[in-house]
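A note on names: the letters A, B, ... follow the listed sequences, proteins ahead of strands, and every chain is numbered from 1.
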Amino acid sequence: MPVHEYDAVIVGAGGAGLFAALELSHQRDLRVAVLSKLYPTRSHTGAAQGGIGAALGNEEEDHWEWHMFDTVKGGDYLVDQDAAEILAREAIETIYDLEHYGLPFDRTPDGRIAQRRFGGHTHHFGQGPVRRACHAADRTGHMILQTLYQQCLRNNVHFFNEFQVVDLLLEDGVAAGVVAWEILTGELHVFHSRAVMFATGGWGRIFKVSSNAHTLTGDGAAICWRRGIPLEDMEFYQFHPTGIYRLGILMSEAARGEGAILRNRYGERFMERYSPNLLDLAPRDIIARAMITEIREGRGIDGKDYLHLDFTHLPRQVLDEKLPEITSFARTYLGIDPATQPVPVQPTAHYAMGGIPTDVWGRVIRDEHNTPVPGLYAAGECACVSVHGANRLGTNSLVDILVFGRRAGRDMARYLKEAERVPVAHNPDSDAREELERLRNSTGGEKVGAIREELAACMMEWCGIFRNGADLQRMLDKLGELRDRYARITLDDRGWKFNQDLLEAWELGCLLDVAEATVRSALNRTESRGAHMREDYPKRDDAQWLKHTLLYRDGRFAYKPVTITRFQPQERKY
Amino acid sequence: MKVHVRIKRFNPEKDRRPYWADYEVPTDPFDRVLDVLHYIKWNLDGTLALRRSCAHGICGSDAMLINGRNRLACKVLVKDLGDRITVEPLRGLPVIKDLVVDMEPFFAKYRQVMPWLVNDEPPPARERLQSPEERARIDDTTKCILCAVCTTACPIFWGNGEFLGPAALVAAHRFIFDSRDRAAAERLAILAERSGAFKCRTVFNCTDACPQGIEITKAIQELKQAIVLSRA
C-alpha cells in the first residue's frame, strides 16, 4: 500500500478545488495534492453555461447589497446572511482575479467585462432585472475550469488523475488524510496530510432526468456522512426549468436572459400568470413549479410532460454569438434549429443546495454549535455554507465555488502554519478495502445498473418538485428495499485494472446514502420553502422552520439557527 | 430499431491481443452512441471499459473511433450512423483497456506549450481592458475541450509521436494571440522547434474531426506565419 505524505490533499478538481489549490500554490513551502476521479478538465464546472454574477456595474448601476438581497430572497430567507454578504462582496474581486489569471470574458465596447441578465438578479432590491452575469459566450464554466487548471499547471500543483477517494481518515476528530483507489491499477493508496478538502460536486444522478454528469454521485458528502459529519439542508434540491426533454441537458438560463420565452401548448406565455414582474426570469423553483402545474393541468405540448422554450423571435445573431453552445445542443440532440422552431423542455435535476456543513472559511463543522473538525474543509456544491438557502439563484453556483474555494485555500494556508501532523492508525485503508472486496465478491445476482435506474426513477416521482408525506414515506421504504438488493449485487468484472464495474457499484453506495439523506430531511421538514414544496404543508412556516437541518447518518436531527443581518424575512413574491 | 454494434475489446489482465465483440442493441434513432455503449455495459457486459462524464459534449472524456471517424460518443446519434456501428479506441495512444487509452502523452504535449496566461505586470484594481475585437481573435481556440480527437486523427502524429499535435498548437494559439499575454515569443520558440508547428502538412483531419468546430488548421497556419514574422 503506497503512502503519500502531503500538507494538504484536495479531493476534486472543479472550480472550488482548483481555486483552493491555486491559493495554496502561492505558498512555496507547502506540498499540495489534488485528487480527481477524472482528468481535471472533465470536471462538471466546465458544463456551467450562462454566467457568473458579480455587481461590477459595467453595463448599468449595480451594488453588492442588491446581489446580497437577491441571494437572500432567492433562497427564501434560509440563507445565512453573513455568508451571503461575503459572497456578494467578494464576487467582485474574485472576478477580477480570474480576469487577471487570463479568463477570456466577453467584453463591452469599452473593453470591460460584459454582463447580462439572469433569473432573480435585480436592481434596487427587486425592482427589475439587472445585468450582473459576467460571461464568456455560453461557455463560462468551461473557461473558468480551463483558466484555473492552467494556472495550477503553471504553479506545479501535483495532480493525481483518475484517483477515486473512498475514505476520509479522522484521528481523534482531526483530519489526517484520505484513502484513494487508483482506477488504472486497482491499488489503494493512503494520502497522509495535515488538511483535507472535499470539493467533489453534487449528486444530480439520484434523479432520473438530470443535467448532471454521470460521475456526479455525491462521493464527498457520502464519505463525510459515514465518518460522523452531519449533512445540512439536504431537502433542498433544485430543478432547473429548462432541460432538453428526456435528456435533461441544460438550456442555460442565459437563453431567457437573452429573451427566450416559455410557452404552453396554446402558445401562451404562462409565466405572466405566475410571476407578473420577472416573468421568464423568475427564480428557478418558481418556474419549475409553474411548468409542472401547466403540465398537470393539461397544457403541456400535445398534453405531454414538456413545454416549449421559444427563441424564434430572437435575431439569429443572438443565437450564434451569445448562445452558440445551446444552439448547437438543440441541433445535435433534437435536430432542431432554435431560430425557427421552439425547443421542447422539462425541468431537470440540477443542483444541491445542501451538503457538508461549513463556516464561511470552508471549515467543516460537526454540530449545531458550529464546532469545527480541525483540518477538514469543504467547498463548492458538495458543501453548504449556506449561501443558497432553500433555492439557489442562477450564476451563484459559480460565485460560490470560486469565493469559498478561494477562502478555503487561504484558511488552509493559515491552518497549516500551526497544525501538527497527526499519525494515522495501523492499516488506515482496512475499511475501504473491506467494502471494495465485499462489492467485488458479492454473488446475489442483483445488477448495479438496475438498482440505480430504479432509485433515480422513484426519486423523480416521489421526491421531486412536488412532495408529500405519503410519497416520501414510500420512497424511504423503497430505499430500504434497494439497500437490501445492493447487498446482493454481482459484478461482471472481477479484475483490478480500470474496473469501472466496481467503481459504479461503489458510486451507487454513495447515491443511496445521499438519496436517503435527501428523503429523510424532506419528510422531516413540514413546510414549503424555496425548492422544497410539500403539498401537504404548502405554506412557509417561519415560526417552526426558519432553521437549518442537520442530519446524522444514524437518523438523528439537529438544527442550526439562520443568521439574519440586514434583511428580515418577508413573503417571497416576484 | 435494432443496431449491430462491433467493439474492439482488450483486457490487459486476460487478452493477449485485441479482438472484436458483437452486440445487438435496441435503440431509438435519437440515442447517442454513448447510450448504446451504456446499454451494453449495464445490460449485456459490465466489463466494458470506457470513459465518459457529462454526456453532452462538454467534458471531452468519450472520444473514440466510431465508424472509422474520431468523435465523441455523446455527440453522435444512432440515426446518423445507420444500423451498423463500429467502435474502437483512439489511434496513436496506448490502449489501457477496451476504449480507454493512456492520455498522459497527450497532456504532456499540452503542458509543453505553456498553456497559461503569462503577464507579471502588476494588474489594475479592476479588469485588464481588452476590446471585443481583441477578444474575438482568440474566441475559436478557447473552445478546445482537450478531448484529443484532433491529435489522434492526425497522420503526422501517428507517424511521429514527438509532434506536438493539433491540440497543443490550439492551446498555444489561444495564448499567443491573447492581447493580455506577454509570453508569445517564448511559446513561438517552442513551436519553431523540429516537432512543432511546421510538422503540420495541412491535412485538415483535425479540423474535420473537431467536435467543437474549431478551425484548427487555420489556427496552425496563423502560428506558422507568426513564427516566420518573429524571425524577420
Enquirer: Tell me, side chain or backbone of B/Val118 under 4.5 Å from chain A's heavy atoms, or both, or neither?
Expert: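 Both backbone and side chain.
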Enquirer: Against chain A, label B/Asp120 side chain, backbone, both or neither, depending on which of its atoms sit under 4.5 Å from a heavy atom there.
Expert: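 Just its side chain gets close to chain A.
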Enquirer: Please state whether the side chain, the backbone, both or neither of B/Pro12 comes within less than 4.5 Å of a heavy atom of chain A.
Expert: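 Side chain only.
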Enquirer: Quick one: what part of B/Met114 sits under 4.5 Å from any heavy atom of chain A, side chain, backbone, both or neither?
Expert: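 It is neither, since no heavy atom gets under 4.5 Å.
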Enquirer: Please flag which part of B/Lys143 lies under 4.5 Å from any non-hydrogen atom of chain A: side chain, backbone, both or neither.
Expert: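 Both parts, heavy atoms under 4.5 Å.
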Enquirer: For A/Arg246, which atoms come within 4.5 Å of any heavy atom of chain B: side chain, backbone, both, or neither?
Expert: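 It is the side chain, since no backbone atom gets that close.
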Enquirer: May I ask you to decide if the ring planes of B/His56 and A/Phe329 are parallel, tilted or perpendicular, using 30° and 60° as cut-offs?
Expert: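 Correct class here is perpendicular.
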Enquirer: Pick one of side chain, backbone, both or neither for B/Gln212, based on which atoms fall under 4.5 Å of a heavy atom in chain A.
Expert: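 For B/Gln212, the side chain is the part near chain A, not the backbone.
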Enquirer: Side chain from CB out, backbone as N, CA, C, O: work out which of these in B/Glu127 comes under 4.5 Å of a heavy atom of chain A, or both, or neither.
Expert: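 Both parts, heavy atoms under 4.5 Å.
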Enquirer: Under the 3.5 angstrom rule, does the side chain of A/Gln500 hit a backbone N or O of B/Leu50 as a donor-acceptor pair?
Expert: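 Judged by distance alone, yes, a pair lies under 3.5 Å.
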Enquirer: Counting only non-hydrogen atoms closer than 4.5 Å, does B/Arg111 touch chain A with its backbone (N, CA, C, O), its side chain (CB onward), both, or neither?
Expert: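 Side chain of B/Arg111 only, per the 4.5 Å heavy-atom cut-off to chain A.
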Enquirer: Is it true that A/Asp493 and B/Lys41 make a salt bridge, defined as a side-chain N closer than 4.0 Å to a carboxylate O?
Expert: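 Here A/Asp493 does not pair with B/Lys41 in a salt bridge, since their nearest N and O are not under 4.0 Å apart.
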Enquirer: Please flag which part of B/Ala171 lies under 4.5 Å from any non-hydrogen atom of chain A: side chain, backbone, both or neither.
Expert: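 For B/Ala171, no heavy atom lies under 4.5 Å from chain A.
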Enquirer: Using heavy-atom distances under 4.5 Å, tell me whether A/Thr147 contacts chain B through its side chain, its backbone, both, or neither.
Expert: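 For A/Thr147, there is no contact with chain B at all, as no heavy atom is under 4.5 Å.
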Enquirer: Using a strict 4.0 Å threshold on nitrogen-to-oxygen distance, state whether A/Glu321 and B/Arg135 make a salt bridge.
Expert: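 Judged by the 4.0 Å cut-off on N to carboxylate O distance, A/Glu321 and B/Arg135 do not form a salt bridge.
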Enquirer: Checking an interface table here. Which of residues 444-457 of chain A come within a heavy-atom distance under 4.5 Å of chain B?
Expert: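 The stretch touches chain B at A/Arg452.
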Enquirer: Would you name the heavy atoms of A/Leu247 and B/Arg32 that are closest together and state the gap between them?
Expert: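 Heavy atoms of A/Leu247 and B/Arg32 come nearest at CD2-NH2, 3.3 Å.
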Enquirer: Would A/Leu153 and B/Tyr110 count as a side-chain contact (heavy atoms from CB on, under 4.5 Å) if you check the C-alpha gap in whole Å, the side-chain angles of each, and the deciding distance to 0.1 Å?
Expert: CA-CA 10 Å; A/Leu153 289 180; B/Tyr110 174 69; 3.9 Å; yes
Enquirer: Hey, what do you get for OG1 (A/Thr41) to CD1 (B/Ile58), rounding to the nearest 0.5 Å?
Expert: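 These two atoms lie 12.0 Å from each other.
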Enquirer: Can you tell me if B/Arg128 uses its side chain to pair, donor with acceptor, with the backbone of A/Glu99 under 3.5 Å?
Expert: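 Judged by distance alone, no pair lies under 3.5 Å.
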